[in-house]
Amino acid sequence: MIQRPRGTSDFLHMDNPHWAFVESSAAALAQLYGYSRIDTPTFESADLFVRTIGDSTDIVQKEMYTFEDKGGGLLTLRAEGTAPVCRAFLEHGLHNRSLPLRLYYLCPVFRYERPQSGRYREHHQFGVELLGAEGPEADAEVIALACDLVKKLGLEDIELFVNSIGDPSCRSEYLILLSEYYQGTINTLCNDCKDRFTRNPLRLLDCKNEHCSVIASGAPKMVDNLCGPCESHWQKLLMYLNTVNIAYDIDHRLVRGMDYYTRTVFEFKPKGSGSQGTILGGGRYDGLIEQLGGKPTPGIGFGSGLERLVLNLEKKQINTAGRAPELVVVLHHGDECVPYAMEVINHLRSKEIPSVLASSGKSIKAQMRYAASLQAKTVIILGEDEVNSRCVTVKDMLEGNQETIKFEDLNNYLNTS
RNA sequence: GUGGGCGUGGCCAAGUGGUUAAGGCGCCAGGUUGUGGCCCUGGAGAUCGAGGGUUCAAAUCCCUUCGCCCACCCCA
């Protein structure tokens, strides 16, 4: 038997109401904040991701779904949400519209990893991007949106961590400091960190290895070494967060996985969750648009994993089930009643009443059971008598009573019951 | 990529060498001649993940393989 590829899922929405709830909540919230939806292609030029995410990152090193198409071009399944939006921004000349521009997306993201709880090869992200806004109030807006999402979903005990990783100029000075700090201890570090030391020293900070953690927590802090503009941006952001009553923890070791981030980075994690816990993460990326060939344009945004949000809803047993549509099921007695049944059901649908026709060849009893299994509130029964008199027998499944009325009186019955 | 756990009908699950592989849920049918939910009765559905080996005999022991889950790495 052919099975679905590892790390993918078949979403049976009838069995999991959380998904639709999360999607619609996210979209509604984005719209409330003035964001409009963008859908980018499922695959892009491999180059787009390689150049923006950074070739020393794990995503580029080993997690991308890259393939050659028949034209010989290298394509990659969307590995991340921000770069494609920025590419589209440039491709459609959106920088010529009035800025800032607010965009949101809901789309699948693909990474070749070993699946585990909260981690899949195909997962889905809700994300927002605020392009062309430089001030720290933009950072605060995006974080506030994220915060509202968590609240709207009813998730509790979610912590917000923030940090600043400066801009290229002050960061390069900081990295020198960091290297000096680590100089004497390199040999005691884990193998990954030895590698990080030469390839991407900033990543030394978020090593989870016990020994490395101790060393990392004593390292000089980026926020103590910001340049003037970055420092001012950082302080204002913290002030704005305070004024809108958003609680946060400063995490000096928060650095994030993509190379394009500048200044603000942030993550939302459930309390006590493991390393797969992050439900939302993002940051500022002021150099990204320029790097893609546009004129310097600041940007900030976040991505949030729908699967992880749903996982947390399930864990907390939060009930998100909306009211199921009240189905009307039309039963019929024998094939000769089918045409009339079809007439009735077409009428129901024309009145926007959700309805299904029970299958022919089954006893009324079986059709009744089927209706009950669909949790129909109303059942319409049609037999020879009803056909001949152009009547319908309407049964209230909750009360258990029924009456036979004229077909043309059906609207009134349904409106008043 | 590394480490651990697990694979028995659609789902849950007993069974740890010996005749036709329990049970529950669900499904189908009957008990009601045109009527559900409760109850009763009956039925369908499993080459015990796959392949090989040991044995008179394997779901059960051994090997291989595939798949799922969990953890590490990293990320949403």
Side-chain angles (χ1 to χ4, degrees), chain A residues 1-9 12 15 22 26 53 56-64 78-82 105-127 146 149 190-193 195-196 200 203 206-210 212 255-258 267-270 273-282 302-312 329 331-334 337 358 362-387 393-402 404:
Chain A
M1 191 162 77
I2 298 174
Q3 292 176 288
R4 66 183 189 276
R6 168 176 287 187
T8 63
S9 346
L12 267 46
D15 292 341
V22 170
I53 297 173
S56 76
T57 61
D58 275 16
I59 295 181
V60 170
Q61 288 275 305
K62 51 186 191 188
E63 295 176 2
M64 296 206 309
R78 177 171 38 235
E80 185 272 317
T82 301
Y105 56 83
L106 277 160
C107 62
V109 173
F110 305 85
R111 289 186 204 150
Y112 187 85
E113 306 180 85
R114 280 285 280 274
Q116 69 187 74
S117 178
R119 198 179 70 187
Y120 310 95
R121 289 189 174 176
E122 179 185 30
H123 74 279
H124 297 75
Q125 287 192 20
F126 162 67
L149 175 65
C190 69
N191 289 333
D192 287 334
C193 279
D195 200 40
R196 291 183 182 117
N200 195 346
R203 292 303 208 77
D206 77 338
C207 183
K208 273 105 190 167
N209 176 293
E210 221 173 298
C212 300
V255 296
R256 307 278 310 143
M258 263 72 74
E267 275 184 9
F268 285 73
K269 289 183 188 175
S273 63
S275 50
Q276 247 65 250
T278 305
I279 54 172
L280 185 151
F302 68 73
S304 179
L306 300 193
E307 284 82 355
R308 287 187 185 175
L309 292 174
V310 168
L311 215 56
N312 278 280
V329 179
L331 317 188
H332 51 93
H333 186 59
C337 299
K362 296 220 174 197
S363 66
I364 286 291
K365 178 178 179 151
Q367 294 182 48
M368 204 70 184
R369 262 204 285 265
Y370 181 66
S373 78
L374 297 179
Q375 290 171 340
K377 186 177 168 262
T378 307
V379 159
I380 293 176
I381 303 159
L382 305 174
E384 206 180 337
D385 298 344
E386 285 84 356
V387 173
T393 295
V394 191
K395 174 160 183 167
D396 182 325
M397 293 292 272
L398 301 178
E399 300 297 323
N401 49 30
Q402 69 183 54
T404 300

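Below, chains carry the letters A, B, ... as their sequence lines are ordered, and counting in each starts from 1. Computation of the quantities below employed the complete heavy-atom set of this structure, encompassing side-chain atoms and omitting hydrogens, waters and symmetry-equivalent molecules.
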Quiz item: Can you check whether A:Pro115's main-chain N or O pairs, donor with acceptor, with A:Arg121's side chain at less than 3.5 Å?
Solution: no
Among all residues two or more places apart in sequence or in another chain, which pass the side chain to side chain donor-acceptor pair (under 3.5 Å) test with [X]?
X        : answer
A:Gln125 : A:His123
A:Glu386 : A:Thr393
A:Arg308 : none
A:Glu80  : A:Thr82, A:Tyr260

Practice problem: Quick one, give me the B/S/- string for nucleotides 28-35 of chain B, reading 5' to 3', where B means a protein heavy atom under 4.0 Å from the base and S means that only happens at the primed atoms, P, OP1 or OP2. | Solution: -S-B--BB
Self-check item: Under 4.0 Å protein heavy-atom contact, by nucleotide of nucleotides 2-13 of chain B - B base, S sugar-phosphate only
Solution: BB----------
Quiz item: Considering residues at least two apart in sequence or located in another chain, which fulfil the side chain to side chain contact (heavy atoms under 4.5 Å, CB included) criterion with A:Thr8?
Solution: A:Arg4, A:Pro5, A:Glu122
Quiz item: How does RNA chain B look in dot-bracket notation if pairs are Watson-Crick or G-U with both distances under 3.5 Å, crossing ones as [ ], other-strand ones as |?
Solution: ((((((((.[[[..)..(....]]].(((((.......))))).....[[[[[..)....]]]]])))))))....
Non-neighbouring partners of [X] that pass salt bridge (Lys or Arg N to Asp or Glu O under 4.0 Å), sequence neighbours left out:
X        : result
A:Arg256 : A:Glu267
A:Asp192 : none
A:Asp58  : A:Lys62

Quiz item: Closer to the 5' end of RNA chain B via nearest nucleotide, is it A:Ser373 or A:Glu307?
Solution: A:Ser373
Quiz item: If you measure from the ring centre of A:His124 to the centre of the six-membered ring in the base of B:rA76, is it under 5.5 Å, with the planes under 30° apart?
Solution: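 No, A:His124 does not stack on the base of B:rA76.
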Quiz item: Considering residues at least two apart in sequence or located in another chain, which fulfil the ring-ring contact (aromatic ring centres under 6.0 Å, His included) criterion with A:His124?
Solution: A:Phe11, A:Trp19
